[in-house]
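Everything on this sheet refers to the single structure shown next.
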Amino acid sequence: MVEPNTAKILRVDLGERRLWSEDLESSPQREYLGGSGLGAWILEREITAPLDPFSPENPLMFMVGPLTGIVPLGSRYAVCALSPATGGWGEARSGGTWPTQLRRSGFMGIVIQGRARDPVYLYINGGRAELKDAGHLWGRDTYTVSDLLLRETDARASVAAIGPAGENLVRMAGIINDGRQGRAAARGGMGAVMGSKNLKAIAIKGVGKPPVADEPRLKAATREFLRKLTRMKAGEFGPMPKISSTIPRIQDIGCLPVKNWTGSRFESFVEEMSGFEHGPRLYCHSCPIGCHESYLVPGDDRREMTGHHLLPLGPNCLIDDLEALQEAYDLCNTLGMDSISVGACISFAMECYERGLITRSDTDGVELTWGNAPAMLEMVKRIGEAQGFGRVLGQGVKRAAEEIGGQAHLYAMHVKGLEMPVWDPRVYNSLWVGLSTANMGPNHMESRSHVLERESLPGWAAFSMDGTELGHPPGIKRLGFHGKADMVKKMQDMTSLMNALIICDFAFTTYGLKPSESLEWLNAATGFEMSFEEYLATGARIFDRKRRINLRQGLTAADDMLPQRYFTRRPGVDENICESLPGLLQEYYALRGWSADGVPPDGPE
């Protein structure tokens, strides 16, 4: 067992069953803050040569930050490691109660290396940490594991766990925390890294209060933001726009992913969603927004739902059966998988099936035709269990296309090996750069630049960010490329800061938290008294460090490229196609001070 300290990291060597605490040096705390910023500093320092993500030496890091658990929308954590999906920098984030419990335990993060001989879980109780046997948990789903551990440890604890997908090293396996709340650190295969270490779960019950340098100042700094949220809760959309109101708008501007990104309209799905019966919202700790909705199923059972996560499994597979889609989403959570990547893999397989690249003999008799909801559900299960053709798809579309062969690579929608999210760069033109250069693979959450393109959702301007402090005032057109490289660069740096603090990016991108306000929160909490210029430079420093990790792992500027399908116009939908993405990327590299080959200063040759 080890005792906690608010300026320490908990270190765990699973192979040696050894736990110890490590002091955080003052310089990295100021230069990298916490969250994925501090995780990137640790990873680049400790992994000095290319490494297989499933190596025991790959550090799996659960990181919180200086604002976790003490500000509104501040219950977030980042889990970082080399990614089984891309081979490079991996990062996934989640909210709920678990992050605040970790912060209250006295540790700013947990760094786990090695591989246990037999399944184990980590239990942190009041800051005292120990490894315990998890043989009775192995093979069980994430919700069951959470229930069992709350009974076995403390009902006031929170649990983060992997399901069968993580145990089976499915490269899109995620980590689910807070049980049936379904909070998921999903993207990039972090659950598979956890499974490779024979680590089933981490249960935490924190008891302390995170330290604050100047508590009255912090309370004053957060007060106006809370007033703004109160005003917005009384507006047209309430604290968070409802799924039923956003899906039609997404379709109207051509951003609905349909039939593996070949279409943009799926009227029957939109009609079904417009009649969606909203249940109570689900809230993270210290959050008044509630971005997750619940869904009523037969038997008056309420289940968690997030709208955009249904799109890869729904329209992109031509499925409009909401009950089947909710079941599929629940399966992703209980098996412990990223629903975005799972949906992308199944829509890819359906196109391969349609084109004759695979047959029923390849898919173990599952008829992967468009719109076939039972086949989709069956394949979700097989992916999570790594059975039959599910094992092929569970490696991701890039590797699946290589195994299928022929023209399959043309239908594999990914960048760097990670499947595409639901936002289309043909509609939000800044994403040509943002999705190409995101360090973890294509993830709109790594820049969120499209929230500055105010035309994105007409009538939804109240929920668009004002980027004036970053040099991009309101009124930016979503179509067109002038100034977009600079906008993406600055938004990536700002999002790097949000993920290092670590607070929910909705505070900054959707609910009007200004960069200068977040800096005031940081200075009040830590006493750093950082200038605005130093603050922005910190975001750029973090982003560059993640890029250097990718270069060391063998990813290059050649991997900063979107799938060819995005360079094809959909009739009546797409007006702007970036026909010279390499030229736009050169502009972006120059703005970052990188070489023409996309290498940051002091990076690998």
Side-chain angles (χ1 to χ4, degrees), residues 141-143 163 165 172 174 176 180-184 186-187 241-251 255-261 263-279 281-282 291-351 366-384 390 393 413 419-423:
D141 68 78
T142 60
Y143 291 177
M172 58 198 69
I176 308 298
R180 284 170 173 75
Q181 284 272 327
R183 302 298 178 174
R187 304 233 71 195
K242 296 177 180 178
I243 295 171
S244 57
S245 69
T246 60
I247 297 298
R249 294 166 187 259
I250 290 172
Q251 176 173 257
C255 199
L256 199 67
V258 176
K259 202 177 181 183
N260 201 23
W261 297 96
S264 64
R265 301 194 70 83
F266 192 33
E267 300 291 354
S268 58
F269 173 80
V270 173
E271 183 178 350
E272 287 292 316
M273 288 303 302
S274 67
F276 174 73
E277 182 182 349
H278 299 271
R281 289 188 177 274
L282 305 176
C291 65
H292 286 210
E293 299 179 42
S294 61
Y295 175 65
L296 183 63
V297 296
D300 293 328
D301 182 22
R302 289 281 175 190
R303 298 181 185 176
E304 182 266 347
M305 170 185 271
T306 54
H308 69 279
H309 285 176
L310 297 186
L311 302 185
L313 291 159
N316 224 22
C317 297
L318 289 187
I319 293 171
D320 58 9
D321 183 338
L322 288 189
E323 188 173 336
L325 291 174
Q326 182 59 46
E327 183 178 350
Y329 185 64
D330 287 343
L331 275 172
C332 287
N333 281 346
T334 56
L335 292 168
M337 293 191 294
D338 173 17
S339 61
I340 294 176
S341 285
V342 169
C345 286
I346 294 175
S347 64
F348 157 77
M350 286 179 170
E351 182 162 3
V366 179
E367 193 171 359
L368 285 174
T369 52
W370 296 112
N372 190 334
M376 178 271 292
L377 285 168
E378 180 61 28
M379 199 52 64
V380 170
K381 296 175 186 176
R382 296 191 184 198
I383 291 172
L393 293 183
M413 304 293 283
E419 290 74 25
M420 300 298 294
V422 300
W423 306 105

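Note that the numbering runs from 1 along the sequence shown for the chain. Heavy-atom basis, side chains included; hydrogens, waters and symmetry copies ignored. Computed from a predicted model, the values in this text were never measured in an experiment.
- The shortest non-hydrogen separation linking T142 to G163 is CG2-N, 3.4 Å.
- Of all the heavy atoms in A344 and P312, the pair that sits closest is N-CB, 4.1 Å.
- Nearest heavy atoms, G343 versus L313: CA-CD2, 3.7 Å.
- Side-chain contact between L393 and V342 is absent, with no heavy atoms from C-beta onward closer than 4.5 Å.
- At distances below 3.5 Å, not a single donor-acceptor pair connects side-chain atoms of D338 with backbone N or O atoms of M172.
- Contact detail for A349 and L368: the closest heavy-atom pair is CB-CD1, 3.8 Å.
- Going from atom NZ of K381 over to atom CE of M337 covers 11.5 Å, rounded to the nearest 0.5 Å.
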Do T369 and M350 pass the side-chain contact (heavy atoms from CB on, under 4.5 Å) test, and can you show the C-alpha distance, the side-chain angles, and the key distance before you say yes or no? CA-CA 6 Å; T369 52; M350 286 179 170; over 6 Å; no

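- Nearest heavy atoms, L325 versus I319: CD1-O, 3.8 Å.
- Atom CZ of residue R382 and atom CG of residue L335 lie 13.5 Å apart, to the nearest 0.5 angstrom.
- The side-chain heavy atoms of R265 and E267, taken from C-beta on, include a pair separated by under 4.5 Å.
- Proximity of L256 to V422: side-chain heavy atoms (C-beta onward) are nowhere separated by under 4.5 Å.
- The side-chain heavy atoms of W370 and N260, taken from C-beta on, include a pair separated by under 4.5 Å.
- With sequence neighbours excluded, the residues that form a side chain to side chain contact (heavy atoms under 4.5 Å, CB included) with S264 are R570, V573.
- Without hydrogens or angle criteria, N333 side chain to R180 main chain gives no donor-acceptor distance under 3.5 Å.
- Between the N316 side chain and the W261 main chain, a donor and an acceptor come within less than 3.5 Å of each other.
- Taking CD1 of I383 as the start and CD1 of I346 as the end, the distance is 4.5 Å to the nearest 0.5 Å.
- For the atom pair L331 CG and S339 OG, the distance stands at 11.5 Å (nearest 0.5 Å).
- When the salt bridge (Lys or Arg N to Asp or Glu O under 4.0 Å) test is applied to E419, no partner is found at least two apart in sequence or on another chain.
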What's the verdict on side-chain contact (heavy atoms from CB on, under 4.5 Å) for L322 and M273, showing C-alpha distance, side-chain angles and the deciding distance? CA-CA 8 Å; L322 288 189; M273 288 303 302; 3.4 Å; yes

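- Shortest non-hydrogen contact noted between V380 and C332 is CG1-SG, 4.2 Å.
- Partners of D320 by side chain to side chain contact (heavy atoms under 4.5 Å, CB included), not counting sequence neighbours, listed by chain and number: F266, S268, F269.
- Atom-to-atom distance recorded for L311:CG and C255:SG is 9.0 Å, nearest 0.5 angstrom.
- Note that CD of E271 is 14.5 Å distant from CD1 of I247, once rounded to the nearest 0.5 Å.
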